[in-house]
Enquirer: 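Structure provided below as structure tokens; questions to follow.
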Amino acid sequence: MTVNLSFVSDVPDLDAFKELLFDYYTDVGKIARKAGVPAFLAEDMVSSSIDHLHEMLPPEGRLLLAQNAEGRLVGCGTLRRVRPDAVEMKRMFVRPEARGSGLGRRLFEMRIEEARKMGCKVIYADTARGNRPMLAMYEAFGFEYIPRYPENANPLEFEPYLVFLQYKL
């Protein structure tokens, strides 16, 4: 599968991005519910993400989009600056038709490299307890388990259901 990955300074097709986010939140919602995270509506999460789109875009954030040969968005990942020397990895998603192609790993690696370019010393992340595919990725890259970091974007009531990680660059 041929996929073009690029960091964008604006979202070229907002409707397509909203659709990708809806698929992401639908997918992550299933994983989160298994971990005990209170239910949320994918539509509400998409709206909230769009309201905070500026946090995903330069100069402080980064949005990495993956498009297949037909131009369909098949993956994404973001970085959100939480301190001058630190970012938080968020919203990594690969649509089912692109899974198994190594796209997730590429999204992961490119965001680590981008965090370096941004001058960061630390990358923070979180995921639902029991999300083995995501935890395996973090572990493979050398992320360490930590207590909740103060800048975590999730509501405090989600804390018991999440795992928090850091990677020192």
Side-chain angles (χ1 to χ4, degrees), residues 5 7 20-53 55-56 60-66 74-96 98-169:
L5 287 103
F7 286 98
L20 182 71
L21 285 175
F22 181 84
D23 291 351
Y24 163 72
Y25 284 115
T26 299
D27 195 59
V28 81
K30 293 173 190 171
I31 296 165
R33 277 189 290 286
K34 285 181 184 175
V37 174
F40 56 81
L41 294 175
E43 296 89 347
D44 293 344
M45 299 304 289
V46 170
S47 293
S48 177
S49 290
I50 297 303
D51 288 347
H52 294 95
L53 187 59
E55 294 178 6
M56 296 180 227
E60 296 304 314
R62 298 294 187 271
L63 173 58
L64 179 58
L65 295 177
V74 292
C76 65
T78 68
L79 294 173
R80 180 180 77 95
R81 190 175 299 270
V82 295
R83 290 194 311 262
D85 68 341
V87 291
E88 180 181 43
M89 281 187 158
K90 299 300 283 182
R91 296 175 190 85
M92 186 167 126
F93 179 64
V94 175
R95 281 194 159 131
R99 292 180 186 162
S101 67
L103 178 57
R105 183 173 190 81
R106 290 174 53 209
L107 288 165
F108 209 91
E109 291 169 339
M110 288 178 72
R111 288 184 298 153
I112 289 173
E113 184 57 34
E114 189 67 15
R116 278 192 183 96
K117 290 177 185 175
M118 294 169 72
C120 294
K121 305 280 187 243
V122 179
I123 299 173
Y124 292 105
D126 67 63
T127 192
R129 291 186 183 279
N131 184 357
R132 281 310 313 155
M134 203 65 238
L135 290 169
M137 181 81 74
Y138 288 124
E139 291 165 359
F141 278 89
F143 277 68
E144 299 174 345
Y145 292 91
I146 60 168
R148 180 187 172 101
Y149 46 98
E151 303 89 354
N152 185 265
N154 290 298
L156 277 174
E157 60 266 21
F158 287 16
E159 183 174 354
Y161 314 107
L162 300 176
V163 175
F164 304 95
L165 305 108
Q166 76 175 5
Y167 179 76
K168 294 182 181 176
L169 296 167

Enquirer: Roughly how far apart are Tyr138 OH and Phe108 CZ, rounded to 0.5 Å?
Expert: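 Rounded to the nearest 0.5 Å, the OH-CZ separation comes to 5.5 Å.
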
Enquirer: Determine yes or no for a side-chain-to-main-chain donor-acceptor pair under 3.5 angstrom, with Thr26 supplying the side chain and Phe22 the backbone.
Expert: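 Yes: the side chain of Thr26 pairs with the backbone of Phe22.
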
Enquirer: Do the side chain of Arg148 and the main chain of Phe164 share a donor and acceptor less than 3.5 angstrom apart?
Expert: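 The answer is no, because no donor-acceptor pair under 3.5 Å joins these two groups.
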
Enquirer: Distance from Lys121 atom NZ to Gln166 atom CD, nearest 0.5 Å?
Expert: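 Separation between the atoms: 14.5 Å.
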
Enquirer: Determine whether Phe143 and Met137 make a side-chain contact, defined as any pair of heavy atoms from C-beta on separated by less than 4.5 Å.
Expert: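 Of all side-chain heavy-atom pairs linking Met137 with Phe143, none is under 4.5 Å.
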
Enquirer: Donor-acceptor pairs are to be reported for all side-chain atoms of residues 77-84 against protein atoms at under 3.5 Å, with residues two or more places apart or in another chain.
Expert:
from  : atom 1 : to     : atom 2 : distance (Å)
Thr78 : OG1    : Lys90  : O      : 3.0
Arg80 : NE     : Glu88  : OE1    : 2.9
Arg80 : NH2    : Glu88  : OE1    : 2.8
Arg80 : NH2    : Glu151 : O      : 2.6
Arg81 : NE     : Glu60  : OE1    : 2.7
Arg81 : NH1    : Pro84  : O      : 2.7
Arg81 : NH2    : Met118 : O      : 3.4
Arg83 : NE     : Asp85  : OD1    : 3.3
Arg83 : NH1    : Tyr124 : OH     : 3.3
Arg83 : NH1    : Glu151 : OE2    : 3.1
Arg83 : NH2    : Tyr124 : OH     : 3.1

Enquirer: Under a 4.5 Å cut-off applied to non-hydrogen side-chain atoms, are Phe158 and Pro38 in contact?
Expert: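 With C-beta onward as the side chain, the pair touches.
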
Enquirer: Heavy atoms only: give me the nearest Leu135-Gly130 pair and the separation to one decimal.
Expert: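 Taking Leu135 first and Gly130 second, the nearest heavy atoms are CD1-N, 4.1 Å.
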
Enquirer: Roughly how far apart are Leu21 CG and Met45 CE, rounded to 0.5 Å?
Expert: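 Going from the CG atom of Leu21 to the CE atom of Met45 covers 10.0 Å.
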
Enquirer: Go through the steps for Ser49 and Tyr25 under the test side-chain hydrogen bond (donor to acceptor under 3.5 Å, both in side chains), then give the verdict.
Expert: CA-CA 10 Å; Ser49 290; Tyr25 284 115; 2.7 Å; yes

Enquirer: Looking only at heavy atoms, what is the nearest atom pair of Leu103 and Ala98, with distance?
Expert: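 Here Leu103 and Ala98 meet closest at CD2-CB, 4.0 Å.
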
Enquirer: Without hydrogens or angle criteria, can the side chains of Tyr24 and Asp27 be said to hold a donor-acceptor pair below 3.5 Å?
Expert: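 On atom types as modelled, these side chains do not qualify, holding no pair under 3.5 Å.
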
Enquirer: Do Met134 and Val163 come close enough that some side-chain heavy atom pair is under 4.5 Å?
Expert: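 Not in contact.
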
Enquirer: What is the minimum heavy-atom distance between Leu169 and Cys120, and which atoms define it?
Expert: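 That would be CD1-O, 3.3 Å.
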
Enquirer: Rounded to the nearest 0.5 Å, what separation is found between the CG atom of Leu162 and the CG atom of Asn154?
Expert: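 The CG atom of Asn154 is 5.5 Å from CG of Leu162, to the nearest 0.5 Å.
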
Enquirer: If you apply the rule side-chain contact (heavy atoms from CB on, under 4.5 Å), what do you find for Ile112 with Met89, and how did you get there?
Expert: CA-CA 9 Å; Ile112 289 173; Met89 281 187 158; 3.7 Å; yes

Enquirer: CG of Leu5 to CG of Leu64: how many Å apart, nearest 0.5 Å?
Expert: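 Output value for this atom pair is 5.0 Å.
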
Enquirer: Quick one: CZ on Arg62 to CE on Met110, what's the gap to the nearest 0.5 Å?
Expert: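 Taking CZ in Arg62 and CE in Met110, the distance rounds to 12.5 Å.
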
Enquirer: Output, in order, the C-alpha distance, side-chain angles, deciding distance and verdict of salt bridge (Lys or Arg N to Asp or Glu O under 4.0 Å) for Glu113 and Arg116.
Expert: CA-CA 5 Å; Glu113 184 57 34; Arg116 278 192 183 96; 3.6 Å; yes

